[in-house]
Structures are given as C-alpha cells and as structure tokens.
Amino acid sequence: MGTRQRMLVSAVIFASWVLSASGAHYHTHRHHRLQDVALTEETDVRAQRNKRALLPADTPDDSTPLPPGGDPSDLPTCLLCVCLTGSVYCEEVDPDMTSVPTLPKETNYLYARYNKIKKITAKDFGDIVTLKRIDFTGNIISEIEDGAFAKLTMLEELSLAENQLVKLPMLPAKLVSFNANHNKLRTKGIKSNAFKKLSKLAHLYLAHNELEAVPLIPETVRTLHVQNNNISSVTPDTFCKSNDTYYIRPNMNEIRMDGNPVILGQYPTSFICLQSLPIGRYQ
C-alpha cells in the first residue's frame, strides 16, 4: 500500500506542475499578442495622422486661380471649356475669355456665349473647316476681319447677336440662319451684296440695330426680323419687283418691321408680292 500511495502522490504533483506550466505559457503568449495588437494599432494611428497631415499639400486644388497677369488663352481649350464629341462649350468662362479659343480638330459646333471676346481674326478658325454652327452671342465683338469665315464652307448657322458690330464681314455661302440682333449695324456697314450670294439663307435676324433701310434679301429667306431699327421708308423693290407685276415671293412668310419710324400704310404697292403683310405701323 505504501508504494501505491507514493505513486499516487507523485502523479498528483506532476499533474499540478503541468497545469501550472501551461497556464504560465498561456498568459505569456496572450501578453505578447496584446502587445503586438497594441503596436499595430499605434502604427495605424500614426500612419493615419501622417496621411491627414499630407492631404492638403498632396490634394490638387481646382480652384487655384491663374497667376497675376495670366491669360486664359494660354490654357488648353478643353480645360477652360466643355469638349464633347464634335462640340465645344465655352460659355461664361472664368477667367474672362477675350479671344476665340483654339479649337480641337473636327469641331462641328462652337458655343462661346457671354464672354469678353473683342475681335474675330482671319486666323481664329485656321483649318477647322468642319464647323456647322457658331454662336458668339453676348460678347463685346466690335471687329471681324475680312476672310474670318472664308474657309468655313460647311457653316450653316452663325449668331453674332448682342455684340458691338458696326459692319458685317463676308459671310459663308451655305448659311441657313444668320443672327445679328442687338448690335450697332448701320446700312452703310452692310454691303449691298452681303446676303445676295447666300443661296440657302432662310432665317435672317437684324433687329435692334441702327439700319436706315432694309438690305437686299435673297429669294430663299422665309423669316426676316428688322424691328427696332431706324428704317423710315420702303420701295416697290424692297420685297417685290417693280418691273414685274406678276412676281410672287412664295417663301417669305414672316416679316417684322415694328419699332421703326416707317408707316407701312403709305407704301401699299411694296407688299403686293407677299403672301402676308409685314408686322409694323400702318397709320
């Protein structure tokens, strides 16, 4: 019995020692893991702090203005404007756009409204012969060089409304619509044959200018706006042909002459070829 008791006591002591050693190892291992987690978290926190500290310097600032004296024409057009396939939109550009921007090749439509463009030169459109529509409404254009539109053989619509023009340049032959409302145009600033060769012109807008007479209008024109000018008279040849009493003008169906000093009722033979009378004063 003594031997068995000693063996039992030894087993109990050995088991207690194993359990004690395992517990110590567990606590030591857990302590090291906690230290590793703490170190990792501290490293992440430092990295985040460093990242936040660098962000203001590294992040580009799109609102940074041009340096003093900077010219927007020095920047690429598609940075100043919105360029879509075949179309360029340069409306109310900030900083002020004072000249015609350089256009991407194969541009079909240019909208450069409400800027500070002052002049259109013969070099502005270069070899961009693909243009079909140009809109310069709401600029301060006072001069257009001869030949500025000479190469634009595909141009169908041109708006120069709300500018400061006193005369017109030679216009592209294929124009369908031309708008020069709200300028400073006088009759002497429009050549007698300015519109004669425009064989496709259908809509002509010359309202709110300083014209003293109705210019020579092509047969193709359907809409003519010359209201609010200084037109004081019309002749039998203004719209019709005095030497052809059978002549009928079938295309023209809208003429606005209101806001002029002319009293249309005094010229009854001037409208006999028209399908409808012009809008204006008759007495």
Kindly indicate whether the side chain of Y282, heavy atoms from C-beta on, has any atom under 4.5 Å from the side chain of L277.
-> yes
Check: A180 main-chain N/O paired with N209 side-chain donor or acceptor under 3.5 Å = yes
Any ion pair linking E210 and K184 (charged N to carboxylate O, less than 4.0 Å)?
-> no
Once the angle between the rings of F195 and F178 is folded into 0 to 90°, is it parallel (under 30°), tilted (30 to 60°) or perpendicular (over 60°)?
-> tilted
Answer yes or no: is there a side-chain heavy-atom contact under 4.5 Å between I117 and M97?
-> yes
Assess whether atom CG of D127 is packed by more than 12 heavy atoms of other residues, nucleotides or ligands within 6.0 Å.
-> no
Tightest non-hydrogen contact, residues R249 and I217, listed as NH2-O, 2.8 Å
Could you give the distance from CZ (R186) to CG (N230), rounded to the nearest 0.5 Å?
-> 7.5 Å
CD (E162) and CG (N179) are apart, to the nearest 0.5 Å, by 8.5 Å
Can you establish whether the number of heavy atoms outside E254 located under 6.0 Å from its atom CD is more than 12?
-> yes
From L224 CG over to N251 CG, what is the distance, rounded to the nearest 0.5 angstrom?
-> 13.0 Å
Quick one: are V88 and P104 in side-chain contact, heavy atoms under 4.5 Å?
-> yes
Taking atom types as modelled, is there a side-chain donor on D135 or T137 under 3.5 Å from an acceptor on the other?
-> yes
Of all the heavy-atom pairs spanning S242 and D237, show the shortest one and how long it is.
-> N-OD1, 2.9 Å
Distance from E91 atom CD to C81 atom SG, nearest 0.5 Å?
-> 9.5 Å
Report yes if the side chains of Y109 and E157 come closer than 4.5 Å at any heavy-atom pair, otherwise no.
-> no
Decide yes or no on side-chain contact (heavy atoms from CB on, under 4.5 Å) for S177 and Y205, but give the supporting numbers first.
-> CA-CA 8 Å; S177 177; Y205 305 99; 4.0 Å; yes
D146 vs M170 side-chain heavy atoms within contact, under 4.5 Å = no
Salt-bridge test for K132 and E156: reply yes if a basic N is under 4.0 Å from a carboxylate O, no otherwise.
-> no
Residue pair L131, L103: steps toward the side-chain contact (heavy atoms from CB on, under 4.5 Å) verdict | CA-CA 10 Å; L131 280 163; L103 299 176; 4.1 Å; yes
Examine Y89 and L158 and state if one hydrophobic cluster contains both, with Ile, Leu, Val, Met, Phe, Trp and Tyr joined whenever side-chain heavy atoms are less than 4.5 Å apart.
-> no
In terms of side-chain geometry, is the basic nitrogen of E145 or K119 positioned less than 4.0 Å from the acidic oxygen of its partner?
-> yes
Verify the cluster assignment for Y114 and F136: are they in a single hydrophobic cluster under the rule of side-chain heavy atoms below 4.5 Å apart?
-> no
Drop me the distance from R133's CZ to L110's CG, to the nearest 0.5 angstrom.
-> 11.0 Å
Between T269 and P236 the two heavy atoms that sit nearest each other are OG1-CG, 4.2 Å
Measure across V226 and M257 and return the closest heavy-atom pair with its distance rounded to 0.1 Å.
-> CG2-CG, 3.8 Å
P215 versus L206: any side-chain heavy-atom pair under 4.5 Å?
-> yes
Looking only at heavy atoms, which two atoms of L201 and P218 are closest? And how far apart?
-> CD2-CG, 4.3 Å
Take I128 and T130, measure what side-chain contact (heavy atoms from CB on, under 4.5 Å) needs, and give me the verdict at the end.
-> CA-CA 6 Å; I128 311 296; T130 54; 4.0 Å; yes
I144 vs L160, side-chain contact (heavy atoms from CB on, under 4.5 Å): CA-CA, chis, key distance, verdict = CA-CA 10 Å; I144 301 176; L160 300 170; 3.7 Å; yes
Indicate, with yes or no, if L274 and L264 share a hydrophobic cluster defined by side-chain heavy-atom contacts under 4.5 Å among Ile, Leu, Val, Met, Phe, Trp and Tyr.
-> yes
Decide whether L80 and I120 are clustered together by the hydrophobic rule: side chain heavy atoms of Ile, Leu, Val, Met, Phe, Trp, Tyr closer than 4.5 Å, transitively.
-> yes
With no hydrogens and no angle check, do the side chains of N181 and H208 hold a donor and an acceptor under 3.5 Å apart?
-> no
From N260 atom CG to R256 atom CZ, the distance as rounded to the nearest 0.5 Å = 10.5 Å
What's the shortest heavy-atom distance between K200 and K174, and which atoms?
-> CB-O, 4.3 Å
I255 vs F271 side-chain heavy atoms within contact, under 4.5 Å | no
Return the set of residues passing side-chain contact (heavy atoms from CB on, under 4.5 Å) with D244 (not counting sequence neighbours), or none when no residue passes.
-> K241, Y246, Y247
Polar side-chain atom of N108 near backbone of S87 as donor-acceptor pair, under 3.5 Å | no
Do L185 and L211 have side chains that get closer than 4.5 Å, going by heavy atoms?
-> yes
